[in-house]
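To keep things clear, I will list the structure first and then write my remarks on it.
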Amino acid sequence: MKKLTVEQLSIKDKKVLLRVDFNVPLDDKQQVANDTRIRESLPTIEYILQRGGTLIIASHLGNPEGMINPAMSLLPVAKRLTEILKRKVLFAPDCVGAEVKKIVQALNTGDILLLENTRFHPEEKRNDLDFAKELASFADLYVNDAFGTSHRAHASVAGVALHFDKPACGFLMVKEIELLEAVLKRPQRPFLSILGGAKVSTKIGGIRRLLKLVDQLIIGGGMCFTFYKAKGYEIGKSLCEKAFLDEAMVLLNNPKIYLPVDVLVAKELRKGSPTKCVEACNIPADHYGVDIGEKTRKDIAQMVSGVKTIVWNGPMGIFEIDEFTKGTAHVARSVADATTKGVVSIVGGGDTIAALSKYGLRDEVTHVSTGGGATMQFLEGKKLPGIEALKDQIILKPIIAGNWKMNMDTAESRFLVQKLLGLVGDVKDREIIIIPPFTSLSYVGEIIQNSRLRLGAQNMHWVRRGAYTGEVSGVFLKQLGCEYVIIGHSERRHIMAETDEVINKKLKIALDLGLIAILCIGETEEEKQRDKTEEVISRQLSQGLRGIESEIHKIILAYEPVWAIGTGKTATPEQVAKVHRFIRSQLRKNTAILYGGSVKPENVDVLMAQKDINGVLVGGASLKPESFARIVKFLTY
Ligand code: 13P
């Protein structure tokens with residue numbers, strides 16, 4: 001799976017839908033108060049214009065809860081963008097609908113159109129596929145530069161990408177991903193992370209993941225009071241998330257964690273309120289903790305000066321109030337000073353960036369990430385829907401999969417796989433997948449592990465581990481080296497009564513585990529007779545893929561008409577081509593679709609010659625080494 005970038009698109013004379021994160025603050029005169037996010041996307045905007053494209057820009061601003069709210073209009077952003085680019089930016093009063101369609105149709109090459117706030121429609125947050133389709137219909141190409149929104153599975157960042165063959169990343173998206181990936185994979189050590197902000201709940205995943213990566217983790221801001229409480233300290237009126245006390249208690253055993261040793265406290269959370277510095281264990285009952293104390297500031301400065309990488313997310317106190325700002329200002333200054341000495345510093349999160357700007361230090365760190373939530377989720381190792389939707393399953397070679405079903409005991413498996421290794425082990429221009437029964441997976445996996453052959457499983461459970469007698473977990477399959485797993489084979493649907501709902505759950509866990517699912521769909525003889533093929537397939541697709549529509553491209557489809565399986569009755573190439581064309585019309589154009597059902601050396605070449613067939617899923621004929629080898633090589637003699 002790869003990500004395309006805007007540089008790989010042919011843009012000339014094309015309309016480009018560009019999703020950006022123009023969620024900028026507006027002042028009380030409805031003017032842009034800080035245009036950082038607009039400027040961060042300028043390289044992508046200018047590149048598209050220089051290459052002769054026409055721009056249709058989409059973004060959200062604030063959280064209007066699916067309703068039109070003039071206070072969250074993007075009109076001020078259109079004005080600011082006009083000033084920055086020194087050329088006219090047109091503004092559409094909505095982001096979908098007949099009027100917008102007309103405006104889009106009237107665009108000339110090189111025009112720039114900014115659409116109104118996508119979140120004025122509830123469909124945006126629901127990732128509604130029709131809404132996404134309408135947005136997509138305006139343009140020939142789609143580029144996503146909205147890293148800050150990529151942790152949201154919303155229509156304009158996730159669903160929309162499915163309607164383009166080559167959805168691509170903009171330069172900002174690439175920059176953000178590459179920097180974070182580098183920090184995750186090859187951090188310069190010592191590696192320090194400073195986390196602040198109000199809530200443990202939003203950062204708990206990040207804390208767990210970062211503890212595995214960093215050499216030291218400082219927890220400041222409102223979060224530290226939950227930890228003090230877990231230690232048994234009096235925290236006065238400070239923030240505490242009771243639901244996280246147990247977790248905090250466990251984390252406290254980790255020697256990498258540093259908690260502030262002293263705290264600034266105040267009786268009231270307002271400007272001008274008197275403050276005093278107390279030891280962390282001595283917070284008065286009638287006071288709030290509002291910032292880190294002096295000794296802590298010194299400790300942090302010392303820690304910062306001794307490291308090579310810093311990731312900072314979240315202020316140290318209520319920095320917006322002048323009396324409570326010293327701790328955050330001090331950390332910002334220390335991080336900026338360390339950066340001038342060659343430390344790699346990555347700062348993320350809206351509040352932290354606002355703090356940096358307040359102290360005039362925004363340009364003095366290595367990278368200011370435009371994403372707060374997105375950065376944290378990326379660091380947690382979570383998949384971000386906006387980024388996942390840009391990954392492409394590029395079908396580079398025909399896929400030939402051999403499903404051995406409940407055949408081949410251990411000795412037979414050994415014989416078959418060794419034969420296959422000799423016959424097709426060096427074939428480079430096919431993706432060959434061997435799918436033995438569970439009992440042979442371990443052995444077959446070992447034999448093929450250094451070859452070109454890939455390993456797949458015939459089924460798996462939708463839970464990772466537990467009391468499910470007789471079931472097999474995808475986690476175990478991964479451990480055995482499986483890369484693929486068949487889900488929803490018709491024999492499971494019809495003999496074992498497996499439902500679309502169960503199949504959906506299995507697909508979700510497969511995606512989660514990074515297993516490539518081969519989703520089988522197809523109609524029975526009776527359904528074919530009643531001319532229900534397309535209806536059945538539509539149902540299997542929509543119910544099977546519910547909630548994971550934006551990741552369809554990471555699944556392989558296999559059309560297996562039930563009436564053709566093991567019966568010797570192959571569907572004619574024309575029949576197969578028609579159904580494959582229909583399936584493709586429901587999915588992104590480059591999703592791999594295999595055909596299965598009495599595939600043999602005698603018919604594989606005609607089948608593979610059809611436009612929408614990207615490979616075959618072979619049952620009976622995969623049990624004989626010579627016939628499978630002939631299928632792999634498309635040999636009919
Ligand atoms: P046959 O090739 O035996 O018809 O089986 C097809 C199949 O079900 C593969 O999964």
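In each ligand, atom 1 is the first atom listed, and ligand 1 is the first ligand listed. The analysis underlying the following values was restricted to heavy atoms, covering all of them including side chains, and did not include hydrogens, waters or symmetry mates.
Ionic pairing of Glu491 and Lys405 is present here: one or more N-O contacts between side-chain nitrogen and carboxylate oxygen are shorter than 4.0 angstrom. Salt-bridge check for Asp500 with Arg493: passed, with a basic side-chain N closer than 4.0 Å to an acidic carboxylate O.
Ligand 1 has at least one atom lying under 4.0 Å from a heavy atom of Ser598. For Ala564, the closest heavy-atom approach to ligand 1 falls below 4.0 Å.
The nearest heavy-atom contact from the protein to atom 2 (O) of ligand 1 is Gly619 N, 2.8 Å. For atom 3 (O) of ligand 1, the nearest protein heavy atom (residue, atom name, distance) is Gly620 N, 2.8 Å. Scanning all protein heavy atoms for the shortest distance to atom 5 (O) of ligand 1 gives Lys405 NZ, 3.2 Å. With hydrogens left out, the protein atom closest to atom 7 (C) of ligand 1 is Glu560 OE2, 3.1 Å, a heavy atom.
Taking the ring axis of Phe634 as reference, the NZ or CZ atom of Arg430 stays within 45° of it and closer than 6.0 Å to the ring centre.
If you look at Leu617 next to ligand 1, the close heavy atoms, those under 4.0 Å, come from the backbone and the side chain alike.
For ligand 1, none of its N or O atoms has an N or O atom of Gly597 under 3.5 Å away.
Ring geometry for Phe171 versus Tyr47: interplanar angle over 60°, hence perpendicular rather than tilted (30 to 60°).
Within the listing of ligand 1, atoms 1 (P), 3 (O), 4 (O) sit less than 4.0 angstrom from a heavy atom of Gly566. Taking every non-hydrogen atom of Asn403 and a distance limit under 4.0 Å, the qualifying atoms of ligand 1 come out as 9 (C), 10 (O).
Side-chain atoms of Trp563 and Glu523 form a donor-acceptor pair, as typed in the model, at a separation below 3.5 Å.
For Lys175, the NZ atom is loosely surrounded, since the number of other residues' heavy atoms within 6.0 Å does not exceed 12.
Shown here for Pro601 and Val604, the closest heavy-atom pair between the two residues is O-CG1, 3.6 Å.
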